[in-house]
Amino acid sequence: MTTPNASPVHEIELRGQKIPIRSQGEPELVEETLRLARAGIRSAESRVRREQAPHHVLLLAYLELAEEYVRATRGLATYQQEVASKAESLMNLLDRPSS
């Protein structure tokens with residue numbers, strides 16, 4: 001839903017309440033981000049007791065996302081180290097005098 005000269009409005013649902021979100025970002029990035037956020041919220045909602053405040057749901061979803069981010073950055077760092085090590089090995093092979 002959009003109005004002239006306004007950012008598109010998207011919705012995130014939390015405990016049955018629809019929360020409008022405005023974004024001027026790239027549409028595909030916004031949609032992918034919203035899909036991830038919605039999935040995280042649904043997952044957290046299923047594990048938080050109904051009588052707990054909605055911010056508990058959001059906190060749990062945020063912590064899960066933060067954990068995924070940390071795992072991804074660690075995995076990337078490990079991959080980068082492996083690539084650098086392999087590249088160094090290949091460079092060493094090229095630097096050896098041929099027999």
Side-chain angles (χ1 to χ4, degrees):
M1 135 172 106
T2 61
T3 58
N5 300 321
S7 301
V9 178
H10 306 275
E11 289 182 340
I12 294 275
E13 191 169 323
L14 175 63
R15 296 263 167 106
Q17 180 181 358
K18 293 183 178 181
I19 302 166
I21 306 290
R22 290 192 186 276
S23 175
Q24 296 179 351
E26 176 188 328
E28 288 178 8
L29 178 61
V30 170
E31 286 303 319
E32 186 174 347
T33 301
L34 289 171
R35 275 194 301 278
L36 179 61
R38 288 175 182 131
I41 290 170
R42 279 193 305 274
S43 173
E45 281 180 325
S46 71
R47 291 179 292 120
V48 172
R49 292 187 313 269
R50 187 74 182 150
E51 65 272 6
Q52 288 183 301
H55 67 270
H56 288 142
V57 173
L58 294 179
L59 180 59
L60 181 58
Y62 179 77
L63 289 171
E64 288 176 346
L65 182 59
E67 182 179 348
E68 286 180 36
Y69 173 79
V70 169
R71 287 181 193 276
T73 55
R74 285 181 179 176
L76 178 59
T78 299
Y79 175 74
Q80 288 172 328
Q81 290 171 350
E82 290 171 1
V83 168
S85 176
K86 288 178 183 180
E88 185 177 343
S89 295
L90 289 172
M91 292 302 290
N92 289 336
L93 286 174
L94 290 173
D95 288 342
R96 284 188 190 163
S98 54
S99 315

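Note that the structure is a prediction, hence the values are computed from the model and not measured. In what follows, every heavy atom counts, from backbone to side chain, and hydrogens, waters and symmetry copies are set aside. Throughout, residue positions are numbered sequentially from 1 according to the sequence presented.
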side-chain contact (heavy atoms from CB on, under 4.5 Å) with L14: which of R38, E45, H55?
E45
At their closest point, which heavy atom of [X] faces which heavy atom of [Y], and how far apart are they?
X	Y	answer
L60	V48	CD2-CG2, 3.7 Å
S7	Q24	OG-CG, 2.8 Å
R49	R15	O-NH2, 3.1 Å
A61	A44	N-CB, 3.8 Å

Common cluster, [X]/[Y], ILVMFWY with side-chain heavy-atom separation under 4.5 Å:
X	Y	result
L63	V57	no
V9	V30	no
Y62	L34	no

Whether over 12 other heavy atoms sit under 6.0 Å from E32 CD:
no
Partners meeting side-chain hydrogen bond (donor to acceptor under 3.5 Å, both in side chains) with S23 (sequence neighbours left out)
none
Does E13 reach the side chain of R42, with side-chain heavy atoms less than 4.5 Å apart?
no
How about L36 and L65: do any of their side-chain heavy atoms sit closer than 4.5 Å?
yes
Which residues share a side-chain contact (heavy atoms from CB on, under 4.5 Å) with A37, sequence neighbours left out:
I12
Enumerate the side-chain hydrogen bond (donor to acceptor under 3.5 Å, both in side chains) contacts for residues 73-97, please, sequence neighbours excluded, ordered by first and then second residue.
none
